[in-house]
Amino acid sequence: MKYLTYKNKDQMPMLGLGTWKSQPGEVYEAVKTAIEVGYCHIDCAPIYGNEAEIGEALNEVISSGIVSREELWITSKLWNGDHEPHEVKPALEKTLKDLQIEYLDLFLMHWPVALKKGSKIPLEPENFFSLEEVPISATWKAMETLVDDSLVKHIGVSNFSASKIEKLLETARIKPEMNQVESHPYLQQKELKSFCDEHGIFMTAYSPLGSGDRAPLLKSENEPQLFENQEIIKIADAKGVTPAQVLISWAINRGTVVIPKSTNPVRIQQNLESKDIELSAEEMQTIEGLELGFRFLSGDIWVGEGSPHTLESLWG
Ligand code: A2P
């Protein structure tokens with residue numbers, strides 16, 4: 001396994017199991033299987049609706065001695081409806097209780113979008129807070145106190161643009177150490193990655209396989225398919241691996257953490273094996289040429305009537 005080393009020397013495994021879209025009833029087995037075959041990093045979020053079941057699996061593998069808590073890297077996120085500073089600690093405490101653990105390795109602000117508590121998707125115009133009502137800097141300050149309290153080891157952001165991080169850095173006492181964003185060959189986030197590199201912020205790639213199992217509400221017509229890309233298939237065939245393994249190893253080879261989701265035991269194992277695949281400079285260059293600037297997660301659920309955001313302000 002390759003690791004990223006944080007400033008305090010903590011080591012984050014570069015390959016983790018994604019759990020967005022992992023259904024209750026399936027995610028217990030998926031997490032247990034993953035840890036049994038050698039995953040030591042699980043990426044979670046309360047909005048995925050499955051943290052309590054993941055907690056059952058974590059409790060099982062830890063109490064049976066398969067792995068210790070210290071050997072695991074557990075990430076979770078602060079939901080948009082919990083941005084009001086007084087909601088931040090209770091939200092984290094609920095996540096810790098559900099996951100049956102005492103601390104998180106990494107706690108991310110899930111989106112730069114603040115909603116009224118309990119808002120449901122699809123959103124109503126009155127669900128949004130303006131950026132003045134609940135500024136990102138105030139939410140961040142509440143997240144910083146969780147580090148002080150040793151409830152989380154590291155804090156970071158998700159779905160943040162370079163300009164949003166820049167603004168956050170103006171007031172942050174503890175700098176964000178991670179930005180988790182959509183990233184795959186069709187959306188490589190090269191500029192954002194350079195910005196993060198310059199500021200000592202790591203990047204995690206979500207939806208590395210294109211998240212084909214998204215709900216219809218989150219899909220658009222005629223989306224490009226990563227698994228059907230001829231260059232990816234050619235590289236996979238030449239190396240005797242699968243297209244998914246090429247996509248995962250590409251992410252690791254370029255220095256990003258990657259969190260492919262699967263609930264299928266064969267694919268969970270297959271995805272883990274990507275950690276040992278080295279791509280040549282030529283293969284990396286070929287994949288670099290596939291950039292389309294295409295988002296599978298457009299962010300359009302956060303804009304529209306009543307929202308203080310536009311797609312330009314969200315990603316810009
Ligand atoms: P499944 O959970 O049945 O394995 P992403 O990580 O980009 O969100 O993509 C997740 C989607 O990719 C899921 O539909 C998942 O299905 C599928 N998937 C995960 N691993 C593989 C693989 N090795 N080969 C093909 N599809 C995969």
Side-chain angles (χ1 to χ4, degrees), residues 20 45 47 77-84 108-116 119-141 143 155-172 175-176 178-199 201-208 210-211 214-224 226 251 254 256 288-316:
W20 175 42
I47 194 64
K77 311 185 187 90
L78 178 76
W79 183 237
N80 304 2
D82 292 314
H83 272 219
E84 287 177 278
L108 304 176
M109 194 184 301
H110 206 148
W111 287 89
V113 172
L115 300 175
K116 308 248 165 86
S119 300
K120 296 261 177 324
I121 296 166
L123 296 169
E124 302 292 336
E126 62 275 14
N127 289 150
F128 292 91
F129 278 123
S130 71
L131 293 172
E132 292 73 37
E133 282 173 306
V134 184
I136 286 168
S137 56
T139 307
W140 185 257
K141 209 169 166 199
M143 288 174 67
I155 50 177
V157 293
S158 180
N159 296 297
F160 268 51
S161 63
S163 70
K164 286 205 172 62
I165 294 177
E166 235 160 15
K167 183 147 187 254
L168 178 56
L169 290 174
E170 286 170 14
T171 58
K175 282 187 184 180
M178 174 61 74
N179 188 18
Q180 182 179 126
V181 293
E182 177 178 339
S183 177
H184 43 72
Y186 294 157
L187 185 74
Q188 301 188 15
Q189 307 270 25
K190 266 184 265 182
E191 278 181 27
L192 184 56
K193 176 148 192 320
S194 301
F195 172 88
C196 287
D197 287 346
E198 272 166 35
H199 288 82
I201 299 168
F202 295 130
M203 209 165 100
T204 296
Y206 76 66
S207 295
S211 289
R214 271 164 297 136
L217 171 77
L218 297 175
K219 282 192 167 178
S220 56
E221 276 175 29
N222 303 321
E223 291 184 344
L226 285 162
R254 72 195 283 256
T256 57
E288 202 177 329
L290 301 180
E291 173 67 72
L292 292 177
F294 181 82
R295 286 182 192 279
F296 290 105
L297 270 296
S298 70
D300 60 4
I301 56 170
W302 309 126
V303 306
E305 211 190 330
S307 170
H309 312 282
T310 61
L311 286 183
E312 291 68 36
S313 70
L314 184 66
W315 300 123

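For the single chain, residues carry numbers from 1 onward in sequence order. These numbers were taken from a predicted model, which means no experiment stands behind them.
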Listed partners of [X] passing side-chain hydrogen bond (donor to acceptor under 3.5 Å, both in side chains), at least two apart:
| X | result |
| --- | --- |
| S183 | R254 |
| Q189 | none |
| S298 | D300 |
| S207 | S211 |

Please enumerate all residues that pass side-chain contact (heavy atoms from CB on, under 4.5 Å) together with [X], with sequence neighbours excluded.
| X | value |
| --- | --- |
| A45 | I47, Y48, K77, H110 |
| L131 | H309 |
| P112 | I136, N159, F160, K164, L314 |
| S194 | none |

Next item on the list: Using atom types as modelled and distance alone, determine if a side-chain donor or acceptor of E223 lies under 3.5 Å from a backbone N or O of S220.
Entry: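 Yes.
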Check salt bridge (Lys or Arg N to Asp or Glu O under 4.0 Å) between [X] and all other residues, then give those that pass, not counting sequence neighbours.
| X | result |
| --- | --- |
| K116 | none |
| D197 | K193 |
| E291 | none |
| K190 | E288 |

Item checked: Within 6.0 angstrom of E126 CD, more than 12 heavy atoms from elsewhere ->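 Yes.
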